Protein chains: 2
Amino acid sequence: MKISFDDPSTALISRKVRPSYQRIKVLEYLIKNQCHPTVDQIFQDLQGEIPTLSKSTIYNTLKLFAAAGLIRVITIEENETRYDILTEDHGHFKCEKCGAIYNFAVDVDALATGDLTGFKVMEKNVYFKGICPKCL
Amino acid sequence: MKISFDDPSTALISRKVRPSYQRIKVLEYLIKNQCHPTVDQIFQDLQGEIPTLSKSTIYNTLKLFAAAGLIRVITIEENETRYDILTEDHGHFKCEKCGAIYNFAVDVDALATGDLTGFKVMEKNVYFKGICPKCL
DNA sequence: ATCAATTCTTGCAATCATTATAAAATTAGA
DNA sequence: TCTAATTTTATAATGATTGCAAGAATTGAT
């Protein structure tokens, strides 16, 4: 189940996703920039390498990656969605001042789920909000 | 710090929010309907009682309530924001099939936060996704 | 109670992220 | 190389949220 992201192309193939040029570039970008980018950030940064790139492609690609279980969708923001390469389980901390999003280790399985008998839990998310050290 | 929601009007006053007719009705609605409504649901349901109601008022009011610490903003959905009266800490479970959102008890303080020294944590959120018993 | 000043509500226009769609480009297999 | 399927692109459409300006309601001082 664990995916190796050493080679973007083979990671895509292992998930039955055709490794097109754009898809490889987007995945490479997500591996290098584990900063929970928005669609617009990905688009802006990749335009240099791929001048003909369309924002639709980013949307299509991210939706495909999420369905294939390669990435996770983060919805801390009220307006904009962010994306995260699937690594070990971790929580997200959002600074309400500067907007930065940090990762932190968290043992999600330690969370009590007594109320959830009969539910099929497929994804566990933890996010905190507050002020980061830089802004304090 | 704990708010009593027995009387909406006094709850508003205790948080330094002027208890206008619309605000009282919105707060009453949130107390009665602890089902994480969207802006549109609140608007549709309150239009019967307040024919002149505007959706802007709902947005203004909810923003004000959130700033006053009366409600919490839930961003599980990718597109629409939901709102929740502040009660005890609880997690949210979203069924990916029917879209319903359930509450479940969770001990958020049991979560390890070792990585977050130097951070000022103001809000802790836990949400799961999966399939609910009705849809299984 | 009256009047002026402030605050709240309303309606509509503007914004912005996301989705839909159809045409053009690319790729895979014969 | 040729054809069919897939992918990318560009543009238009959608839909939630915000901005703004005018009207309505409320407060406090006289």
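Not measured: the values here are computed from a predicted model. Quick note on labels: first sequence line is chain A, next is B, and so on, each numbered from 1.
In this structure, CZ on A:Phe65 lies 7.0 Å from CZ on A:Arg23, to the nearest 0.5 angstrom. Atoms NE2 and NZ, on B:His36 and B:Lys94 in that order, are 13.0 Å from each other to the nearest 0.5 Å. Note that the CD1 atom of B:Ile42 and the CG atom of B:Asn33 stand 8.5 Å from one another [nearest 0.5 Å].
Put simply, CZ on A:Arg23 is 11 Å from P on D:dT6, counting in whole angstrom units. Atom pair A:Asp40:CG and C:dT15:C1' shows a separation of 14 Å (rounding to whole Å applied). One interatomic measurement links the two molecules: CD of A:Gln22 to P of C:dA25, which rounds to 14 Å at whole-angstrom precision. Look at NZ on A:Lys25: it is 19 Å from P on D:dT7, rounded to the nearest Å. For the pair B:Phe43 CZ and D:dT18 P, the computed distance is 16 Å after rounding to whole Å. A straight line from CG of B:Leu62 to C1' of D:dT18 spans 14 Å, rounded to a whole angstrom. Across the protein-nucleic acid pair, B:Glu80 atom CD and D:dT14 atom P stand 17 Å apart, rounded to whole Å. Distance CD1 (B:Ile24) to P (C:dC8): 13 Å, rounded to an integer number of Å.
Looking at heavy-atom distances under 4.0 Å, A:Ser20 makes contact with sugar-phosphate atoms alone, never a base. Residue B:Thr38 is out of contact with every strand shown, counting any heavy-atom pair closer than 4.0 Å.
Distance from the side chain of B:Ser54 is smallest to C:dG11 among C:dT9, C:dG11, D:dA10. Across C:dT9, D:dT9, C:dT18, the shortest atom-to-atom separation from the side chain of A:Thr57 is found for D:dT9. Among the nucleotides D:dT7, D:dA16, C:dT19, the one closest to any side-chain atom of A:Lys63 is C:dT19.
A donor-acceptor contact under 3.5 angstrom links the side-chain atoms of A:Ser56 to the base of D:dT11.
At least one side-chain heavy atom of B:Val26 sits under 4.5 Å from a side-chain heavy atom of B:Ile58.
Within the 3.5 Å criterion, the main-chain N or O of B:Leu53 finds no donor-acceptor partner in the side chain of B:Thr57.
When each of B:Lys55 and B:Arg18 is assigned the nucleotide of DNA chain D with its nearest heavy atom, B:Lys55 is the one assigned upstream, toward the 5' end. Toward the 5' end of DNA chain D, the nearer of the two residues B:Arg82 and B:Asn60, judged by each one's closest nucleotide, is B:Arg82.
A close approach under 4.0 Å does occur between a side-chain nitrogen or oxygen of A:Thr81 and OP1 or OP2 of C:dT18. OP1 and OP2 of C:dT19 both lie 4.0 Å or more from every side-chain N or O belonging to A:Tyr59.
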